[in-house]
Protein chains: 2
Amino acid sequence: MLENNHAVVKFRKGDSIIKQGVFSTNVIFLRKGLAKIHITGPYREQIVRLIKAPTYLGLPTTLGNKINQYSVTAVLDSEVCFIDIDVFKRVLEENREFSSYIILELSKSELEAYRRCANRTQKQTRGKLADVLLDFSENIFNSDEFVLPVSQSDIGNWVDSGRESINRVLSEFAADGIIEMTGREVRIRDKKLLKMVSQNG
Amino acid sequence: MLENNHAVVKFRKGDSIIKQGVFSTNVIFLRKGLAKIHITGPYREQIVRLIKAPTYLGLPTTLGNKINQYSVTAVLDSEVCFIDIDVFKRVLEENREFSSYIILELSKSELEAYRRCANRTQKQTRGKLADVLLDFSENIFNSDEFVLPVSQSDIGNWVDSGRESINRVLSEFAADGIIEMTGREVRIRDKKLLKMVSQNG
DNA sequence: ATTTTTTTGTGATATATGTCACATTTTTAT
DNA sequence: ATAAAAATGTGACATATATCACAAAAAAAT
């Protein structure tokens, strides 16, 4: 049913997929690619998480309130399906397994949000940046070598540090032999040490 | 059905309702009272939110993973229903409205978590404390007069500031005539100003 | 190709807030 | 009632990191 009721759209990196404040009648399924979820804070736009395909986007928004509550922007070239909300809701009602799955996903997101919150508020820049690198390596790219998909400013914004601090710590990591960097290419050289930095300062 | 399959238990303030890391086979419904959700962070225990009745507790935990992923502690005397997970799941499957309701709740939580995150990382102590006071006044107690249900240390921990900073800013607010304080009793005197402080520094 | 915009690299400086220390008060337990 | 523990009030001080200010490099747009 969902197969028959969606349109596939491609987004280039940097393109806006969901815009906060805009009325929406679609659930969005991120089929391929990587995106950032960001929200308008009291002073600046803030990245709250990076999310990789496959996943649904904008569920909280769409199910609760037709106005998008946050923005989503492609960070890498991505492929997205637009699914009409009503169709989606019907499937949700008719398919128990599907609704269980969605409940599970939402539950996980909530837990993740709590954990992220505790991490981001307790650690300082070195630890937070280590987390980000480990996240890229272990969850997003599944490799010790990868190209940073976001700018240093974005990383700073995401983990609540200044762009400059991120830059400095990145150089520090390179100097300490934890990573190797060529432009935005990162190669993790000493994962053990990186994990230590993530845990301790 | 849920009516027939639950046990009501009373908790005194300070009592632990859910303990992180413990195996659990119950969904918990907070019937009356107020509780704090806290999670073990990298360095210390961190309060992630205050949650007031009526609400379900531990959904993300229970539905995803039988091990409690966070702790919940009563902040005021509370009344709680324990509902067997399997019963809960059956109701979830059989009652579409109920499952829609749960999905909606989870969605809201997620959004709230995002917003809180942006707020807490961008504002400084004055603004964050103003938020807390407004939250007590407008969401939790629905009154301009209330008794702080948590210690200053807890507030500090919750909004990611030191206990001492909270104390100082509280005195500052009192000196500025924004609030009046007698022990833990707070009376909001100038809500407009308080909102200004919440928005600006 | 050339220009414009966005990123990145790095130093100097300011500051909000954490941290320590200790006195006092309040609450809880015995 | 009394002792013990937790919470509060305040001063002094240290420090991680934000912020500003430029220069250089890279990427994007024309």
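Quick note on labels: first sequence line is chain A, next is B, and so on, each numbered from 1. Both backbone and side-chain heavy atoms feed into the values below; hydrogens, waters and symmetry mates do not. Keep in mind that what you see is a predicted model, and the values were worked out from it rather than measured.
Using a 4.0 Å heavy-atom cutoff across all strands shown, B:Arg12 reaches no nucleic acid atom at all. Within the nucleic acid shown, B:Asp160 comes within 4.0 Å of sugar-phosphate atoms alone, with no base atom in reach, counting heavy atoms only.
Between B:Gln124 and C:dT15 there is no side-chain polar atom (N or O) within less than 4.0 angstrom of OP1 or OP2. Side-chain N/O atoms of B:Ser165 include one lying less than 4.0 angstrom from OP1 or OP2 on C:dG18. Contact check, A:Thr125 against D:dT17: a side-chain N or O comes under 4.0 Å of OP1 or OP2. Distances shorter than 4.0 Å separate none of the side-chain N or O atoms of A:Asn167 from OP1 or OP2 on C:dT8.
In this structure, B:Glu112 pairs ionically with B:Arg115, as a charged nitrogen and a carboxylate oxygen lie closer than 4.0 Å.
Between the base of D:dG11 and the side chain of B:Arg168 there is a donor-acceptor pair shorter than 3.5 Å. Between the side chain of A:Arg184 and the base of C:dT6 there is no donor-acceptor pair of N/O atoms closer than 3.5 Å.
Between B:Glu138 atom CD and B:Leu134 atom CG the span is 5.5 Å, to the nearest 0.5 Å.
Rounded to an integer number of Å, the gap from B:Lys13 NZ to D:dA6 P is 15 Å. At whole-Å resolution of the value, CD1 in B:Ile155 and C1' in D:dA7 are 12 Å apart. In this structure, A:Met181 atom CE and D:dA26 atom P are separated by 12 Å, rounded to whole Å.
A tilted orientation is assigned to the rings of A:Phe136 and A:Trp158, their planes being inclined by 30° to 60°.
Here the side chain of B:Ser151 is nearest to one of C:dT10, C:dA21, D:dT8, namely D:dT8.
Residue A:Met196 places its CE atom among 12 or fewer non-hydrogen atoms of other residues, nucleotides or ligands, all under 6.0 Å distant.
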